[in-house]
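The sequence lines fix the lettering, A, B, ..., with proteins before strands; numbering per chain opens at 1. Values below: all heavy atoms of this structure, side chains included; hydrogens, waters and symmetry mates excluded. Treat the numbers as computed from the prediction; the structure is a model and nothing was measured.
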Number of protein chains: 2
Amino acid sequence: MTSILVCDDSPLARETLRRAVATVPGVDRVTTASSGEEVLRRWTADRVDLVLMDVRMPGLGGVESVRRLVSTDPTARVIMLTMAEDLDGVALAVASGARGYLHKDASRAELRATVSQALADPTWRLAPRRLRPAEVGSAPTLTAREIQVLEGMSHGRSNAEIGRDLFLSEDTVKTHARRLFKKLGASDRAHAVALGFRWGLVR
Amino acid sequence: MTSILVCDDSPLARETLRRAVATVPGVDRVTTASSGEEVLRRWTADRVDLVLMDVRMPGLGGVESVRRLVSTDPTARVIMLTMAEDLDGVALAVASGARGYLHKDASRAELRATVSQALADPTWRLAPRRLRPAEVGSAPTLTAREIQVLEGMSHGRSNAEIGRDLFLSEDTVKTHARRLFKKLGASDRAHAVALGFRWGLVR
DNA sequence: ATGTGCGTAACGCTTTCGGGTGATGCTCGT
DNA sequence: ACGAGCATCACCCGAAAGCGTTACGCACAT
């Protein structure tokens, strides 16, 4: 009976991660939490074999959550999930007791491999490895152009205006729009902008 | 007699902060509040030397709370507490009158240092970041219905679908949409969603 | 060399949006 | 009693958006 707890404040990331780790061989149960506080609150009653925890969360935040969790239960195994460039957070997290970290845009295969390894070896600690954005896991990978178009949308620009901004024809902007909608799973530009914010692709 | 007010909607974060600032030399009294409304309500009767306030809270939210507090009492000193991701919120808060900000996962030492400094120097203030004119000023106040419609948009629902969700006619949804566009200064639904995220009205 | 992904562009077609305007009823506070 | 604000609904109409499809050149990897 192997259980994993996915902790992320973003429902989207949570679901994606949940589905991803559920496919790891030997994993019987995947639960989710939306905050470090929730993990701590549930820990005594609902202990799991491995915790995947986001670094950046409202409230306690990943780092402090790991610190507290490990200080109450040194056998707790935690892998931190990080978006990018917050290496300070990762270093702190590892220093606080996390076994290692994974980039959120790691490939599904890498995620599964890491989880398998962490489950197989209780003493395992991850050597940080940088992974190429690949076919899944979490944040959809948009091209530079697609992000530019998405940003234009988030500033209330019409396709024609975005085209003028980027020296493109309106039809080309529409093509980029269509493609980024598909990648994000968005039904329209408003949805796309929302998903862009939730994934941290735009601000 | 130096007093500090900690304002955060999360009880755990509130307690953590309370304990942390209580250890700062010279601090005699630490009170807590769970919402910006509560701070405003209690301000005249229960004035404090420094307020630590969370950016992201239900109801008024940190930004608007600071704005109102400072507009009623310009001597009020507020430090915003924030997560790494909402830099816009920080900038808005500082522009609205907050003296500075702290990351929630800042170290205890950092927290104490910042609080000490703010207490020692009543004029202490972070240099406000340059903001677009549209972003300065008061947070747009949307009605409950308007927020529901905005949320629907952020989930990619069409006006007709939002209407079915909320048991309204499509025309009514359109009216709400038009009004919230005007309030937010949005040019279309994508822009409105983006502004909703930037103001912390939706997530 | 062959495929795959990206960037660019176009055309037709349907759906949806957004603005303008007007209207009714309700609940506040003054 | 009155206006202000909110919620509700309706109609028209032009302007966008969104979708399917096709196509070409280019880079990069298998």
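Protein chain A contacts DNA chain C from dC6(C) to dC11(C), reading 5' to 3' and using non-hydrogen atoms of the protein with a distance under 4.0 Å.
Helix-axis bend for the helix from dA1(C)-dT30(D) to dT30(C)-dA1(D): the local axis fitted to the five terminal pairs at one end deviates from that at the other end by 50°, rounded to 10°.
R164(A) is linked by a side-chain contact (heavy atoms from CB on, under 4.5 Å) to A160(A), E161(A), counting only residues two or more places apart in sequence or in another chain. Looking at residues two or more places apart in sequence or on another chain, you find a side-chain contact (heavy atoms from CB on, under 4.5 Å) between L166(B) and R145(B), Q148(B), V149(B), I162(B), L168(B).
A salt bridge does not link E146(B) with R179(B): none of the charged nitrogens is closer than 4.0 Å to a carboxylate oxygen. The pair E37(B)-R41(B) does not count as a salt bridge, with every side-chain nitrogen at least 4.0 angstrom from each carboxylate oxygen.
Shown for residues 161-168 of chain B: residues whose heavy atoms fall under 4.0 angstrom of DNA chain D, namely L168(B).
In this structure, S158(B) reaches the sugar-phosphate backbone alone: every heavy-atom distance under 4.0 Å involves primed, P, OP1 or OP2 atoms, never a base. Within 4.0 Å of N159(A), counting heavy atoms only, lie sugar-phosphate atoms of the nucleic acid but no base atom.
Residue T172(B) places no side-chain N or O under 4.0 Å from the OP1 or OP2 atom of dA10(D).
The two atoms that bring L184(B) and L195(B) nearest to each other are O-CD1, 3.4 Å, heavy atoms only.
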Next item on the list: Verify salt bridge (Lys or Arg N to Asp or Glu O under 4.0 Å) between R29(A) and D49(A), making sure each step is shown before the conclusion.
Entry: CA-CA 10 Å; R29(A) 193 167 132 267; D49(A) 299 294; over 6 Å; no
Between N or O atoms, less than 3.5 Å apart, protein on one side and nucleotides 20-23 of chain D on the other: list the pairs.
residue : atom : partner : partner atom : Å
dG20(D) : O6   : R178(A) : NH2          : 3.4
dT21(D) : O4   : R178(A) : NH1          : 3.0

